[in-house]
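Proteins get letters first, then strands, A, B, ... in listed order; numbering begins at 1 in each.
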There are 2 protein chains.
Amino acid sequence: MPTTLDYEGMLRSARLRVTRPRLGVLAAVHNLPHADTEAIIDAARTSLGDVSHQAVYDVLRALTAAGLVRRIQPTGSVARYDSRAADNHHHVVCRSCGAIADVDCAVGHAPCLTASDDHDYLIDEAEVTYWGLCPACRFAA
Amino acid sequence: MPTTLDYEGMLRSARLRVTRPRLGVLAAVHNLPHADTEAIIDAARTSLGDVSHQAVYDVLRALTAAGLVRRIQPTGSVARYDSRAADNHHHVVCRSCGAIADVDCAVGHAPCLTASDDHDYLIDEAEVTYWGLCPACRFAA
DNA sequence: CCGATTTTCTTGAATGAGTCAAGATCTCAC
DNA sequence: GTGAGATCTTGACTCATTCAAGAAAATCGG
C-alpha cells in the first residue's frame, strides 16, 4: 500500500503539481479497485473534507492523461478507474452485478496484441474484456 | 445486401413481431456499419417518415436482446450497433476520429477466449478492442 | 523568502444520451 | 374478425459528465 509520500513522488515524476485533491484522489483509486467516479468523490471527501466534484473529474482526467491511472468503461457502465496503469492487464466483468476483476495477460504469447487484419490502423493497444458471471451471481442464480 | 423480406424473416426467426419501425431500424443498422443511435434514428426517419426516438431505443434493445444486432460502446463513445452479431469478431477504434473497423478473430487459435486466471467467473464472451490511428488520421498528423 | 505566472480548484449552470411512464395503436393467434 | 398482449407515441425526467468564470494555490526566478 503506497504512502502519501509515494503518491507525491508519482505526481512529481509525471510533472504534475502536488495538490491535496490529487493526493486524495490518487489514494482513493489505489484503495478502491475499479471504483467509479462517485465512489472516488466520496472517498476523497472522507479523507480531505470538501472537494468539489469538478475537481475530482479534472484530477482523474489529468491522472489518466499522465498514465498514473487507467480509465475503463465496460459497455453499460459508468467510467471506472484502475490503479494498475503500467501493465497491460485485462478485466472480467460480471454481466449480472457489474463486479470487475483483473486478469493478467498470459505471459509468453501476447495473442491479443496483433489483429488478424489491422485495416492499416496503427495499433498501439489491445484491450480485452471478458464477460460472464461472478461466483456470487452464479450461486445466486 | 438483405432485402425487406430478409429483415422480416430475421424478425420472425427471433420471435419478434414485425413492425415498420423494426424493419427500418434493422435496415439502418445493416446500411450504416457501426452507426450510433442518432444516425440510426435519422436513417429510420428517412425511410419510414416519423418514428419516435423512444421507439428506436426500444427496437435497438429488442434486437440486441434477440441477438440480431450487437451493441458496442468503446470507452468515450456513445452506443453503436453492429449488424454482424453472430460471429465473434472484434473492432479497431481510431483514437483520433473514432472510426471503427471490423477485425476477424484469427482462426485456429482463439487466444482471446481464455483468461489466464478467470477468478471463478463463468466467462461466455471475450471482447477485444484494438486502439490506434486510422489511415486518414495517421497521414493528417 | 516573495511576488509573478500559470495551473488548478470552486461554484453554479448546462448538455445530452438514455430512461421512465401512461395511454394509444398495432400484431398476431385463435 | 376479435381479443390479449406487445409495441409505439408523447413528453417529462435522470444523471454522468462537461463548460465557464473567477478565486486560490503551486512552482519558479530572483
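Comparing atom distances between the A:Gln54 side chain and each of C:dG12, C:dC9, D:dT9 picks out C:dG12 as nearest. With C:dC9, D:dT9, D:dT18 as the choices, the nucleotide that has an atom nearest any side-chain atom of B:Val51 turns out to be D:dT9. When distances are taken from the side chain of B:Thr37 to each of C:dC28, D:dA25, C:dG18, the shortest belongs to C:dG18. You'll find that the side chain of A:Arg17 is closest to C:dT7, out of D:dC8, C:dT7, C:dA13. Of the candidate nucleotides D:dT7, D:dT17, C:dG18, D:dT17 has the atom lying nearest to any side-chain atom of A:Ala79. Taking every side-chain heavy atom of A:Val78 into account, D:dT17 is the closest of D:dT9, C:dC9, D:dT17.
The CG-C1' distance, from A:Asp58 to D:dC19, rounds to 10 Å in whole Å. For A:Ile72 and D:dA16, the CD1 to P distance is 17 Å, given to the nearest whole Å. In this structure, the CD1 atom of B:Ile40 is 10 Å from the P atom of C:dG18, given to the nearest Å. For the pair A:Leu63 CG and C:dT8 P, the computed distance is 11 Å after rounding to whole Å. Protein atom CD of A:Glu8 is 11 Å distant from nucleotide atom P of D:dA26, rounded to whole Å. Straight-line distance from the CG atom of A:Leu16 to the C1' atom of D:dT27: 13 Å, rounded to whole Å. Distance, B:Arg71 CZ to C:dA17 P: 13 Å, rounded to whole Å. Note: CZ (B:Arg61) to P (C:dA17) measures 17 Å, nearest angstrom.
When every heavy atom of B:Ala99 is checked against every heavy atom of A:Tyr121, the shortest pair comes out as O-OH, 3.4 Å. Scanning all heavy atoms of the two residues, the minimum distance from A:Arg95 to B:Glu125 falls at NH2-OE1, 2.9 Å.
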Point to revise | B:His89/B:Asp102 under side-chain hydrogen bond (donor to acceptor under 3.5 Å, both in side chains): CA gap, chis, key distance, verdict | key: CA-CA 7 Å; B:His89 72 279; B:Asp102 286 337; 3.2 Å; yes
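For the OP1/OP2 pair of D:dT7 and a distance below 4.0 Å, the side-chain nitrogens and oxygens of B:Arg22 include at least one atom meeting the criterion.
Of the possible polar contacts, one joining the B:Arg22 side chain to the B:Arg17 backbone as a donor-acceptor pair under 3.5 Å is found.
Relative ring orientation between A:His91 and A:His34 is described as perpendicular, the plane-to-plane angle rising above 60° on a 0-90° scale split at 30° and 60°.
At a threshold of 4.0 angstrom between heavy atoms, the contacts of B:Thr19 are confined to the sugar-phosphate backbone, with no base atom among them. Across all strands shown, B:Ala62 has no heavy atoms under 4.0 Å from either base or sugar-phosphate atoms. Residue contacts for B:Arg12: at a heavy-atom cut-off of 4.0 Å it reaches the sugar-phosphate backbone alone, with no base atom in range.
Where B:Arg20 and A:Val56 meet DNA chain C, the nucleotide closest to each residue was compared, and A:Val56 sits on the side nearer the 5' end.
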